[in-house]
Amino acid sequence: MPSTQQLTQPGGQGTPKFLVNRPFQSLRQMPLNTKSTVVGDLTMTNHRVENGRRDFLLTIAGGIAGLAAGSSPGRVLAQPASGISISTIGAGREGGALGALFVKAGHPVMFSSRHPDTLKGLLDELGPLARAGTVAEAVEFGDVVMVVVPYTALEQIGKDYGNALAKKVLVIDVSNPIARRDGADIVKWVDDQGGAGLATAKLLPGAHIVRAFNAINYAKLPADAHRQGELVGVPIAGDDPHAIEIASTLIGEIGFDPVVIGGLAMGKYLVPGTPLGGEHTAAEIRQIVTNLH
Ligand SMILES: NC(=O)c1ccc[n+]([C@@H]2O[C@H](COP(=O)([O-])OP(=O)(O)OC[C@H]3O[C@@H](n4cnc5c(N)ncnc54)[C@H](OP(=O)(O)O)[C@@H]3O)[C@@H](O)[C@H]2O)c1
């Protein structure tokens, strides 16, 4: 089975050969290394099946508009994606902690900063798979890019790197609009767009965005990863089936249980202070989401 890395060999103009805008039927030939359970068009709500490939294809057949709360048995799906390159725009508390987990899972990670020399300590801790770069270098480096910055920074990042980010197979949006940090005006603007998921899509047009990890505290991430007993669930939201699939695989690899709660419009619930904030099991997340509708 080809690895995720093999599937992301660069094509023309740096565009990954991967499945951006790929016809849905061609996913049948695509090796899936996740059993992520994305459940629910109108006829499948909360129906859980063991075969992730079948489930995912069924979801695609049902259309992305039908995405609803699902779960992936993370302990089972954790086949390594064999070193897909990952970048973080923002390598502060949350970006640093998440990037470290991906390094530990065997992925090359470029941590970026506007002052990359400040990241030396982090690199020393993490070893050769970790590297530091400018934001531009990180955008160039990663097949997958995590955006983990104050929400106010997203507009300029979109202006500077939007075209490049739109070519990535996955942009993980971890950023939140927080009034006390970002100001009330931006929070109002985000609300007016329909919440953080749809707002990020406006700021990063064309990007294959999945919101994830938005309300799990950075300090909890190391101990939560691969937790004993039931895994910590990570609610995720996105409109692109393949980006969701890659995100689910990666989240499983670092020891969490991804739960697709719906399209980007549901991203408004993936911020601190909503019922989905904090740590929950996948079953708890599914229950919470049921009550959100
Ligand atoms: N902290 C948490 O537990 C947590 C949990 C979930 C989600 N989040 C969300 O994650 C985001 C980051 O939070 P954090 O706590 O990690 O913040 P942080 O520790 O202050 O780190 C912020 C990072 O963003 C970068 N940054 C700031 N402005 C930038 C710009 N204009 N262009 C590029 N990079 C820029 C900074 O890089 P420089 O080195 O260039 O300054 C820094 O690495 C926020 O939206 C937050 O709501 C945080």
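The basis for the numbers below is simple: all heavy atoms, side chains too, and nothing from hydrogens, waters or symmetry mates. Remember, it's 1-based here, ligands and their atoms both numbered in the order they're listed. These numbers were taken from a predicted model, which means no experiment stands behind them.
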Problem set entry | Residue and atom name of the nearest protein heavy atom (relative to atom 21 (O) of ligand 1), distance in Å to one decimal | G92 CA, 3.4 Å
For this session: May I ask you to check if ligand 1 and H115 share an N or O to N or O distance below 3.5 Å?
Result: no
For this session: State, with a plain yes or no, whether a side-chain heavy atom of R227 is found less than 4.5 Å away from one of T281.
Result: yes
Exercise. At what distance is the nearest protein heavy atom to atom 29 (C) of ligand 1, and which residue and atom is it?
Worked result: R114 CZ, 3.5 Å
Problem set entry | Numbering as shown, the atoms of ligand 1 that approach N214 to under 4.0 Å (heavy-atom distance) | 6 (C), 7 (C)
Exercise. Nearest to atom 33 (C) of ligand 1, what protein heavy atom do you find, and at what distance?
Worked result: V135 CG2, 3.9 Å
For this session: For atom 11 (C) of ligand 1, grab the closest protein heavy atom and report residue, atom and distance to one decimal in Å.
Result: V149 O, 3.4 Å
Problem set entry | H107 and E253 side chains, donor-acceptor separation under 3.5 Å | yes
Exercise. Got F256 and L221 here, is their nearest side-chain heavy-atom distance under 4.5 Å?
Worked result: yes
Exercise. So which heavy atom in the protein is nearest atom 22 (C) of ligand 1, and how far is it from that ligand atom?
Worked result: P150 CD, 3.9 Å
Exercise. Are L154 and V174 connected in the hydrophobic side-chain network, where two residues link if heavy atoms are under 4.5 Å apart?
Worked result: no
Problem set entry | Closest protein heavy atom to atom 3 (O) of ligand 1, given as residue, atom name and distance to 0.1 Å | Y218 N, 2.8 Å
Exercise. Among protein heavy atoms, which sits nearest to atom 12 (C) of ligand 1, and what does the distance come to when rounded to 0.1 Å?
Worked result: V148 O, 3.4 Å
Seminar exercise, completed: The answer for which part of A91 has a heavy atom under 4.0 Å from ligand 1 is backbone
For this session: Keeping the roles fixed (side chain from S175, backbone from V149), state whether a donor-acceptor pair exists under 3.5 Å.
Result: yes
Problem set entry | Ligand-residue contact atoms, ligand 1 with N217, heavy atoms, under 4.0 Å | 3 (O)
Exercise. Is the closest heavy atom of I216 to ligand 1 under 4.0 Å?
Worked result: yes
For this session: Indicate yes or no for a side-chain donor-acceptor contact from S85 to the backbone of D143 under 3.5 Å, with no hydrogens or angles considered.
Result: yes
Exercise. Between D240 (side chain) and H208 (backbone), is there a donor-acceptor pair under 3.5 Å?
Worked result: no
Problem set entry | Any side-chain heavy-atom pair of R131 and P108 under 4.5 Å | yes
Problem set entry | N/O separation below 3.5 Å, F213 to ligand 1 | no
Exercise. So is R181 in contact with ligand 1, going by heavy-atom distances below 4.0 Å?
Worked result: yes
Exercise. Which one holds for T118 and ligand 1: side chain close, backbone close, both close, or neither close, with close meaning a heavy atom under 4.0 Å?
Worked result: neither
For this session: Could you find the nearest protein heavy atom to atom 19 (O) of ligand 1 and give me its residue, atom name and distance?
Result: R93 N, 2.9 Å
Exercise. Within a strict 4.5 Å, meaning less than it, do heavy atoms of the L203 and K159 side chains meet?
Worked result: no
For this session: Give a yes or no on whether F213 and V260 share a hydrophobic cluster (residues Ile, Leu, Val, Met, Phe, Trp, Tyr; joining criterion: side-chain heavy atoms under 4.5 Å apart).
Result: yes
